[in-house]
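Working notes, structure below.
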There are 6 protein chains.
Amino acid sequence: MSTFGFLEYEDASPQVKAVYDDIRAARKTDYINNFWKAIAHDPVLLKRTWEDLKATMAPGALDTLTKELIYIAVSVTNNCQYCIYSHTASAFGKGMTPEMFQELQQVIGMANETNKLVTGYQVAVDARFQPPLSAQK
Amino acid sequence: MSTFGFLEYEDASPQVKAVYDDIRAARKTDYINNFWKAIAHDPVLLKRTWEDLKATMAPGALDTLTKELIYIAVSVTNNCQYCIYSHTASAFGKGMTPEMFQELQQVIGMANETNKLVTGYQVAVDARFQPPLSAQK
Amino acid sequence: MSTFGFLEYEDASPQVKAVYDDIRAARKTDYINNFWKAIAHDPVLLKRTWEDLKATMAPGALDTLTKELIYIAVSVTNNCQYCIYSHTASAFGKGMTPEMFQELQQVIGMANETNKLVTGYQVAVDARFQPPLSAQK
Amino acid sequence: MSTFGFLEYEDASPQVKAVYDDIRAARKTDYINNFWKAIAHDPVLLKRTWEDLKATMAPGALDTLTKELIYIAVSVTNNCQYCIYSHTASAFGKGMTPEMFQELQQVIGMANETNKLVTGYQVAVDARFQPPLSAQK
Amino acid sequence: MSTFGFLEYEDASPQVKAVYDDIRAARKTDYINNFWKAIAHDPVLLKRTWEDLKATMAPGALDTLTKELIYIAVSVTNNCQYCIYSHTASAFGKGMTPEMFQELQQVIGMANETNKLVTGYQVAVDARFQPPLSAQK
Amino acid sequence: MSTFGFLEYEDASPQVKAVYDDIRAARKTDYINNFWKAIAHDPVLLKRTWEDLKATMAPGALDTLTKELIYIAVSVTNNCQYCIYSHTASAFGKGMTPEMFQELQQVIGMANETNKLVTGYQVAVDARFQPPLSAQK
């Protein structure tokens, strides 16, 4: 279910098929998940989103699993059920252990709590935390 | 600046001083940042929050820097300026490089975008992503 | 399903019936959607919300469809499923084309992404963007 | 002010200068606003974000001003001050009148209110609003 | 500072003056706070918002102070600085003690934390919590 | 349904059973709701969250029902369905009347609306609302 329904491979234009093929190759599976089939009705968005996501989630200064954890942290904070479900499954597939999942949730919970304590107590930023930061020079 | 002002060490009760001492020892610095001095007017909250945070952010299945990155991801998504400023400074102090910071922001941005595309396109969760997940067994 | 169940027309007080009648007249349909039947247990809220909504969504400096698009943008950002579903249906009914829907989602996604990049990079506001703005004088 | 400071044109690499030149050309002004100078420390992000934004905000099925209004609606809901300030200024520059601004804020306020009434009253979605929607076929 | 600047009493139309007068009478002070002077450029919004707010915050089944605490809880969760500042001041003026403020912040922090634990652990709703609820009959 | 499934009493370790026993004793019911059974796979989180919640929600300067109302206000604003469902049921069990529920939702809706009007109109904080506040001294 999605606004325009799911666009299956066999019904797709060559432009969409090319993206589906690249998803399949990159993920080493024939399965195309619902998100891509939902936005494929907008081929420009499909192509751009897939290419941006592929580049963003590739290993770099941060490894792929760390990026998945960050993705989950955002999705839980935003309360995006689809994203939590799909990226939690994906993270387990990439080596997240139950212990890692548990610590991830602990940090997400704690960060959400202290974010609000800071806000509710109207705490001004310490001068030493003001950007630009010398540490990164 | 904060609702009740900042409670300085010399004005604090023995109970609060004990927490401040522990913060100083754990962080190897005399500096107590504004957040703790703002909530110290509630000694029970101060003690509980510090102890929970210390335990939550300690290295475990996830290392300390990864936990800081997750913390920043939550804080940016929640738009908590104090938290972003203090934990970004903290992460640089714990070894985050500019490249890591940049990839972190890329993932946060991308996750926030796709969270909303999923939501706007009303995408139903794939059956295979439904919990409970076999991967973690 | 809703906290108090749905208050149907035949079970409603004259005060609630009058609002239902006005909704039907304004929308040229006998159908009263679940939202109104859920809040009708509070007739004061029902009446005020309907009258405010009717006035707010009426054509003015902005046309009705543009207002629906803005409503959807808020609802997607807030992740309010009911609101997304009902206003997406409503917008299609008022002339939104698939192309308009697609561009709407593109802008919502992009705005959510850049909102977070701005926040994560701790960007100070340019002096020229500070209100009050000369443009509106 | 921003995490890494602002990267000025004269200090930028040819790759960054090319993006700055394109921003200037597209906007018909020499002024580069802080957002771009803050993220320019990550040239890949700079280039991708600018190109995506330029394409997304271009006139299409929706005109440019309508897209700005949607952008503001997201930014207000996310409470992103920089984004509100810069896009409000931009929208006035593109022809938003005070009356349009006022109606925009009315809709944003109303949508945020009813989003929460729906949520608090736990209202189930009407069957007729369930996607996929026939209207867009 | 606000988009259109602050509309002072002496510069206001009779329609706006009437609302200002009612605010002054209801609050037993000549002071009109910035919010009202910012939105007064839209007299219809000013009047409607003031009347709705006055009715909503009046003592009823819930007393005025409890309503202020709820208002603060929403504002902290939304990270609306102006709202937190003004309603915290207002709540102290209506009898909130430091102990009440502290417990309020504890509950807000805890609720934000457990909201995210529930979400991250993908917890399905217990059948007995499903509306409609028998308790309110 | 939850990430790791629900940990039932008979399958639990002594450490988890001790928390379950305390929940049952404190709530005077054998029923353990899904949230606890979902997070029980992390016994440290289970114990800490239960103890913090029990202490936070206990009557103090604010009574238990007021704390439930605040909890609901946060949960509605965060759009956390599980939390809304469980705490609404809990609040009715603790004496919330339909009239109190209705006024609660009115305040939540109004606060969310005015939060956004303040933000959209870019309203600066009045000097007199700036912390630290004299009222609490």
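The chains referred to below are lettered A, B, ... by the order of the sequence lines, with proteins before strands, and numbering in each begins at 1.
Among residues 45-60 of chain C, the residues having any heavy atom closer than 4.5 Å to a heavy atom of chain D are, in sequence order, C:Leu45, C:Arg48, C:Thr49, C:Asp52, C:Leu53, C:Thr56, C:Met57, C:Gly60.
In this structure, chain D has no heavy atom under 4.5 Å from any part of C:Lys37. Contacts between D:Phe6 and chain C at a heavy-atom distance below 4.5 Å involve the side chain alone, from C-beta outward. Contacts of D:Gln102 with chain C are absent, with no heavy-atom separation under 4.5 Å from either backbone or side chain.
Side chains of C:Ser2 and D:Gln122: a donor-acceptor N/O pair is absent below 3.5 angstrom, by distance only. Donor-acceptor pairing under 3.5 Å is lacking for the side chains of D:Arg128 and C:Asn34. Side-chain polar atoms of D:Asp126 and C:Asn33 form no donor-acceptor pair below 3.5 angstrom.
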Inset, instruction - Just do the side chain to side chain donor-acceptor pair (under 3.5 Å) check on D:Tyr82 and C:Thr119 with the steps written out, would you? - result: CA-CA 8 Å; D:Tyr82 184 92; C:Thr119 304; over 6 Å; no
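Of the possible polar contacts, one joining the D:Glu103 side chain to the C:Ala61 backbone as a donor-acceptor pair under 3.5 Å is found. The closest donor-acceptor contact from the side chain of D:Asp63 to the backbone of D:Leu65 lies under 3.5 Å. Side-chain atoms of D:His41 never come within 3.5 Å of backbone atoms of D:Thr3 as a donor-acceptor pair (strictly under, hydrogens ignored).
Ranking D:Lys67, D:Glu113, D:Lys116, D:Gln81 against chain C, the residue ahead of the rest is D:Lys67, based on heavy-atom pairs under 4.5 Å. Ranked by heavy-atom pairs under 4.5 Å with chain D, the first of C:Ser86, C:Ser90, C:Ala73 is C:Ser86. Note: D:Leu62 leads D:Thr77, D:Thr88, D:Ile39, D:Leu62 in heavy-atom pairs under 4.5 Å with chain C. Among the candidates D:Ala38, D:Gly109, D:Gly120, the residue making the largest number of heavy-atom pairs closer than 4.5 Å to chain C is D:Ala38. Interface check for chain D: of the options C:Ile84, C:Asn112, C:Asn115, the most heavy-atom pairs under 4.5 Å are formed by C:Asn115.
Taking CH2 of D:Trp36 as the start and CD1 of D:Ile32 as the end, the distance is 9.5 Å to the nearest 0.5 Å.
In this structure, C:Arg24 is positioned above the aromatic face of C:Tyr9, its NZ or CZ under 6.0 Å from the six-membered ring centre and within 45° of the axis.
The one candidate from C:Val74, C:Leu69, C:Ile72, C:Ile70 that meets the side chain to side chain contact (heavy atoms under 4.5 Å, CB included) condition with C:His87 is C:Ile72.
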